[in-house]
Amino acid sequence: SQGVGTITDDDAAPTVTLSVDNSSIAEAGGVATVTATLSNATTQTVTVSLGYTGTATGPDYSASASSIVIASGTTGTATITATSDTIFEGSETVIVDITGVTNGTESGTQQEIVTISDDDSAPSVTLSVDNSSIAEAGGVATVTATLSNATTQTVTVSLGYTGTSTGSDYSASASSIVIASGTTGTATITATSDTIFEGSETVIVDITGVTNGTESGTQQETVTISDDDSAPTVT
C-alpha cells in the first residue's frame, strides 16, 4: 500500500530587487556589476529578464547578459562594460530595468542607472578656404569649417565677414556653418560683378562663436576679389 501526504508551502515565491556596485564608470573600459537579489531562497530556478535603455547606444557599451539566472543561492549578476571611442558624446546613461521574472516577482519597480563618463573633448574648429583669390565676375570661394574630432552633438560655427569689400561686392551663402554629422561643413562667398573700378578688395572671414565646440586659437581666412574694371580715363 502507499500513502501520499502533501506539504503545503507557507513561503512565498521570492521577490527580486536590483542593485549596482558602480553608478558611474569611465568610457575606457569601466565596468558596473548589476546584482539581482531574491527576498528568500527557492528550489526553483529564477530567471530575471533585463531591459537596457538610456542615452547610451549599443556601441557605447556591452552588456554581459539579457537576463540573470539564479539556479541556487539568492543572487546573480550581469555586467555593463563601457566601450572607448574618439567621439565626443558627453556623459551618457544606461538604464537597467526588470522586464520579467520567472518563478518570482519584481519587488515594486526596480531600476538602476549607470552613467558613462566621456573621456573625449568637445571638438575644436579650424577654418580653411579653397580659393584665396576670386574673379569679380562670379568667382566663388568655399570656406570649410573642420572639427578636430567627431561628435554626436550638432556644432554651429558662427561667421563674421569684414574686409574692404562691402555687401554689394559679394554674397555669402550663410552666416553660420552647421555641422550635424561628420566633421566638416561649408559656406561660400560669391563675387558680384559691377562696372565700378574699385581695385582688388578683400573679404575677411572670422569665427565669432561656436556652439558645442571651441575655436582652435584664432581662425581667420582672407579672400581677395580681383577687380575686372579698368581705372577711368579722363577727358
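Only a predicted model underlies this, so the values are computations on that prediction, with no experimental measurement involved. Both backbone and side-chain heavy atoms feed into the values below; hydrogens, waters and symmetry mates do not.
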Checklist entry - Where do Thr186 and Val143 land on the side-chain contact (heavy atoms from CB on, under 4.5 Å) test, with the steps shown first? => result CA-CA 6 Å; Thr186 61; Val143 179; over 6 Å; no
Checklist entry - What's the verdict on side chain to side chain donor-acceptor pair (under 3.5 Å) for Thr102 and Thr47, showing C-alpha distance, side-chain angles and the deciding distance? => result CA-CA 5 Å; Thr102 303; Thr47 301; 4.9 Å; no
Next on the checklist: Would Thr144 and Thr146 count as a side chain to side chain donor-acceptor pair (under 3.5 Å) here? Give the steps.
Outcome noted: CA-CA 6 Å; Thr144 301; Thr146 302; 5.9 Å; no
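Residues Ile68 and Gly76 come closest through the heavy atom pair CG2-C, 3.4 Å. Here the closest heavy-atom approach between residue Thr126 and residue Ser216 is recorded as CG2-CB, 3.7 Å. Between Asp119 and Ser84, the closest heavy-atom pair is OD2-OG, 4.1 Å. When every heavy atom of Ala122 is checked against every heavy atom of Asn212, the shortest pair comes out as CB-O, 4.4 Å. Between Ala187 and Tyr161, the shortest heavy-atom contact is CB-OH, 4.3 Å. Taking all atoms of both residues into account, the shortest heavy-atom contact from Asp120 to Ile87 is OD2-O, 3.0 Å.
Here the side chains of Ser165 and Val203 are in contact, with some heavy-atom distance below 4.5 Å. Residues Thr154 and Val178 meet the side-chain proximity criterion, which asks for heavy atoms closer than 4.5 Å. Considering only heavy atoms from C-beta on, Val114 stays 4.5 Å or farther from Thr93 through its side chain. Counting heavy atoms from C-beta on, the side chains of Val16 and Gln110 never come closer than 4.5 Å. Looking at Gln111 and Ile95, their side chains come closer than 4.5 Å, going by heavy atoms from C-beta outward. Within the 4.5 Å cutoff, side-chain heavy atoms of Pro14 are placed close to those of Val46. The side-chain heavy atoms of Asp206 and Leu159, taken from C-beta on, include no pair separated by under 4.5 Å. Contact annotation: the side chain of Val125 never approaches that of Glu215 to less than 4.5 Å [non-hydrogen atoms, C-beta and beyond].
Expressed to the nearest 0.5 Å, how far CD of Gln220 lies from OG1 of Thr162 amounts to 6.5 Å. Taken from CD1 in Ile189 to CG in Asp169, the straight-line distance is 12.0 Å, to the nearest 0.5 Å. Within the model, atoms CD of Glu201 and CD of Glu136 stand 8.0 Å from one another, a figure rounded to the nearest 0.5 Å. Between the OH atom in Tyr61 and the OG1 atom in Thr83 there is a gap of 10.0 Å [rounded to 0.5 Å].
Under a 3.5 Å cut-off, the side chain of Asn149 and the backbone N or O of Ser121 do form a donor-acceptor pair. Using a distance-only test at 3.5 Å, with no hydrogens or angles considered, a donor-acceptor pair links the side chain of Asp227 to the main chain of Glu198.
Between Ser49 and Ser67, the side chains place no donor N or O within less than 3.5 Å of an acceptor N or O (distance only, hydrogens not considered).
Using a 4.5 Å cut-off between side-chain heavy atoms of Ile, Leu, Val, Met, Phe, Trp and Tyr, with links allowed through other members, Val101 and Val20 fall into the same hydrophobic cluster. In the hydrophobic clustering of this structure, Val157 does not group with Phe88; members are Ile, Leu, Val, Met, Phe, Trp, Tyr whose side-chain heavy atoms approach within less than 4.5 Å, directly or through other members.
No option in Thr79, Asn22, Asp21 other than Thr79 meets the side chain to side chain contact (heavy atoms under 4.5 Å, CB included) test with Val31.
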